[in-house]
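The structure under discussion appears below in the form of structure tokens.
All heavy atoms count here, side chains included; hydrogens, waters and symmetry mates do not.
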Amino acid sequence: PACTVSFPTETGRENGDSIAQMDNPKDVARAFLTKQGAVRKSWKTRWMVLRSDGFLYYYKTNKPNEPPVGWINVKRDCTDVLNGDECACAWPDKVPIKSCFGIVTGERTYFMYSGKQEYAAIW
């Protein structure tokens with residue numbers, strides 16, 4: 001079962017360092033988000049790109065032509081999206097809970113947060 005994902009219809013937004021200008025029509029959203037690692041559980045900032053085909057790719061940097069370090073097929077694999085207060089996660093100190101969220105798949109839950117609370121809802 002796939003979760004219902006509502007993709008933002010407004011592209012081309014730019015606000016500080018969180019939401020990048022859309023220069024690829026296949027990109028729905030791009031931003032630096034911080035995600036928890038699967039094994040070590042450390043927090044790493046990644047450049048996230050959500051594509052219109054439902055794939056969420058994450059990269060070490062936002063440099064062009066860099067291969068992704070991972071991806072999530074959101075349309076196929078996502079079973080739920082959790083708000084930060086619904087997640088069984090120890091969020092870093094001083095991170096507002098409203099900027100945190102979890103993407104639940106059959107394999108794992110991806111815990112992430114945005115640098116700005118208002119952008120967490122986009123993801």
Under the 3.5 angstrom rule, does the side chain of Glu66 hit a backbone N or O of Thr61 as a donor-acceptor pair? yes
Side chain to side chain contact (heavy atoms under 4.5 Å, CB included) partners of Asn62, counting only residues at least two apart: Phe32, Trp47
Across all chains, not counting sequence neighbours, the side chain to side chain contact (heavy atoms under 4.5 Å, CB included) partners of Asp93 are none
Students often mix this up, so state it plainly: with edges at 30° and 60°, are the rings of Phe55 and Tyr57 parallel, tilted or perpendicular?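 Answer is parallel, since the angle falls under 30°.
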Got Met112 and Cys100 here, is their nearest side-chain heavy-atom distance under 4.5 Å? no
Using side-chain heavy atoms (C-beta onward) and a distance below 4.5 Å, is Ile72 in contact with Cys78?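 No; the side chains remain at least 4.5 Å from each other.
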Is Tyr113 reachable from Tyr58 through a run of I, L, V, M, F, W or Y residues, each pair having side-chain heavy atoms under 4.5 Å apart? no
Ile103 with Val69, same ILVMFWY side-chain cluster at under 4.5 Å: yes
Heavy-atom pair with the smallest gap, counting every atom of [X] and [Y]:
X: Arg108; Y: Ala38; answer: NH1-CB, 3.3 Å
X: Leu33; Y: Met48; answer: CD1-CG, 3.6 Å
X: Ser52; Y: Lys75; answer: O-NZ, 3.2 Å
X: Trp91; Y: Gly84; answer: NE1-O, 3.1 Å

Thr45 and Thr34: side chain donor to acceptor below 3.5 Å: yes
